[in-house]
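Take a look at the structure below.
Just so you know, ligand 1 is whichever comes first in the structure, and atom 1 is the first atom listed for that ligand.
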Amino acid sequence: MRLEGLELRRVAMPLVAPFRTSFGTEHARDVLLVRAVTADAEGWGECVALSAPLYSAEYVDGAEAFIKRYIVPVLRRFNDSRPAGVYALEPLFEPLKGHPMAKAAVQTAVLDAHLRAAGMPLGAFLGAVRGRVPAGVSVGIMDSIPQLLDAVEGYLEAGYLRIKLKIEPGWDVEPVRAVRERFGDEVLLQVDANTAYTLTDAEHLARLDPFGLLLIEQPLPEDDVRGHARLASMIRTPICLDESIVSARAAADAIALGACRIVNIKPGRVGGYLEARRIHDVCAANGIAVWAGGMLETGLGRAANVALAALPGFTLPGDTSASDRYYAQDITEPFKLDDGHVAVPAGPGIGVSPLRDVLDSVTTETAWINFTGVS
Ligand code: SMG
Ligand code: MG
């Protein structure tokens with residue numbers, strides 16, 4: 001299937017409330033969407049890079065520039081490759097170092113187009129075994145404990161099955177204690193530090209142990225895998241890696257080193273859904289639980305994440321919250337929470353499409369790259 005063109009579209013999505021993490025505060029998402037157009041179907045990919053390189057090295061302007069300058073020439077060669085299945089993209093992208101979020105967005109758009117043309121849902125393609133997935137919610141750092149407790153109460157009332165608290169030095173033991181005291185020990189509770197600590201904080205982090213957390217996510221820097229292994233021997237709370245797991249090989253290494261007992265899988269961070277599935281497989285083979293991460297995606301990105309979260313190794317609730325967690329108006333039909341779960345879209349490809357009027361109303365910029373007539 002030949003690619004006729006690629007649309008790069010930037011959309012401005014205000015958040016219903018600011019979302020604060022150890023690395024900064026997001027007020028709105030500036031999202032890059034990729035639309036892959038073929039003769040038979042069109043497909044969508046959402047680039048999860050944030051505005052600034054604070055979560056990882058990528059940022060949305062950089063991702064767009066990378067796609068225009070380096071991915072587009074490669075896609076022209078993709079059109080000549082035989083067979084031109086989505087697997088042909090990976091060896092074409094491989095010589096270009098880094099930029100997994102940019103690559104993932106393009107790969108997902110092409111994969112979606114192929115699957116829609118074939119009439120196959122993404123979940124079926126990936127190996128999903130569930131029609132719905134349990135939803136957790138990520139709760140940002142707040143100005144005060146009462147404010148946090150109000151937010152958590154609202155999410156529990158909405159039916160979320162797991163709460164994740166963002167933490168940083170100065171906002172860790174006390175918020176966890178307050179949530180446990182107010183809502184009890186049965187609430188599935190975990191924390192995410194986004195690399196805000198060092199190994200010298202081990203004794204302090206051990207103070208989280210009495211609270212029975214499911215996990216502590218990425219306490220140490222991205223490249224400090226050995227540090228996580230050391231930390232794992234000093235605290236009882238299971239360590240989950242997010243930023244450090246950049247590939248299936250990195251996952252295998254981290255597991256072999258004893259750096260994590262749990263892995264957060266984000267397709268954008270690892271270059272796409274094909275690599276995300278390999279990480280799932282590596283973890284499953286090693287008895288390591290995985291769950292689906294999130295990057296405040298719109299309904300387009302969320303749809304694909306929910307399909308991935310339906311694979312058998314995803315045994316913990318993911319950051320697969322409903323659309324209204326972040327957006328008053330999503331660009332797709334909103335994902336809704338039903339009995340604490342989100343339904344896996346059943347249609348071909350990612351199974352959802354943008355609402356054209358809404359999409360146009362939030363679009364700030366569009367670029368069309370034509371491939372027809374060029375071999
Ligand atoms: O999509 O619900 C979501 C966001 C979940 O906390 C979340 N993501 O490190 O896991 C993480 C963060 C990264 C994004 S923070 C702006
Ligand atoms: Mg994280």
Side-chain angles (χ1 to χ4, degrees), residues 13-31 46-60 100-101 104 133-142 151-152 155 158 160-168 171-172 189-197 213-222 228 238-246 254 260 262-270 276 279 290-306 308-309 316-327 330 334-335 337 342:
M13 299 286 291
L15 299 179
V16 290
F19 184 59
R20 182 172 155 203
T21 67
S22 62
F23 60 77
T25 304
E26 309 294 314
H27 296 270
R29 285 288 276 121
D30 175 0
V31 181
E46 176 168 340
C47 180
V48 300
L50 301 177
S51 304
L54 299 174
Y55 164 82
S56 69
E58 282 180 283
Y59 61 103
V60 66
M101 293 174 176
V133 299
V137 62
S138 179
V139 186
I141 294 168
M142 306 261 165
V152 171
Y155 292 130
Y160 283 105
L161 297 173
R162 181 226 71 194
I163 300 290
K164 157 166 142 180
L165 303 182
K166 289 291 191 176
I167 60 167
E168 66 181 3
W171 182 266
D172 43 34
L189 186 64
Q190 62 192 54
V191 294
D192 185 0
N194 287 111
T195 76
Y197 296 88
L213 300 177
L214 285 174
L215 58 93
I216 177 170
E217 184 177 345
Q218 198 71 41
L220 308 181
E222 177 179 323
H228 282 99
I239 291 178
C240 168
L241 290 177
D242 172 355
E243 286 89 331
S244 295
I245 305 300
V246 294
C260 61
I262 300 164
V263 167
N264 165 332
I265 302 185
K266 289 178 183 164
R269 195 190 63 225
V270 304
I279 295 176
V290 303
W291 54 281
M295 291 294 289
L296 295 79
E297 287 89 347
T298 72
L300 290 175
R302 198 176 304 272
N305 285 347
V306 168
L308 179 71
L316 292 169
D319 282 340
T320 47
S321 45
S323 293
D324 66 3
R325 157 69 184 96
Y326 293 111
Y327 303 115
D330 207 336
F335 277 83
L337 212 55
V342 173

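In this structure, R20 forms no cation-pi arrangement with W171, as its terminal cationic atom is not both closer than 6.0 Å to the ring centre and no more than 45° off the ring axis.
Side chain of R29 to backbone of Y326: no donor-acceptor contact under 3.5 angstrom is found. Listed for the Q218 side chain is a donor-acceptor partner under 3.5 Å among the backbone atoms of L220. At distances below 3.5 Å, at least one donor-acceptor pair connects side-chain atoms of Y197 with backbone N or O atoms of E168.
Residue-level contacts of ligand 1 at the 4.0 Å heavy-atom threshold are F19, T21, F23, E26, L50, Y55, S138, K164, K166, D192, N194, E217, D242, K266, G294, M295, L296, E297, D319, S321, Y326.
Protein atoms of type N, O or S found under 2.8 Å from the Mg ion (ligand 2) total 3.
Within a 6.0 Å radius of OH in Y59, no more than 12 heavy atoms belonging to other residues, nucleotides or ligands are found.
The pair D319-R302 fails the salt-bridge criterion, with no side-chain N (NZ, NE, NH1 or NH2) lying under 4.0 Å from an Asp/Glu carboxylate O.
With sequence neighbours left out, the ring pair (Phe, Tyr, Trp, His ring centres under 6.0 Å) criterion links F335 to no other residue.
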Report, one line per pair, each donor and acceptor closer than 3.5 Å where one atom sits in a side chain of residues 49-57; sequence neighbours left out.
residue: Y55; atom: OH; partner: D242; partner atom: OD1; Å: 2.6
residue: Y55; atom: OH; partner: K266; partner atom: NZ; Å: 3.1

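Of the candidates L215, L214, L213, L215 is the only one forming a side chain to side chain contact (heavy atoms under 4.5 Å, CB included) with E217.
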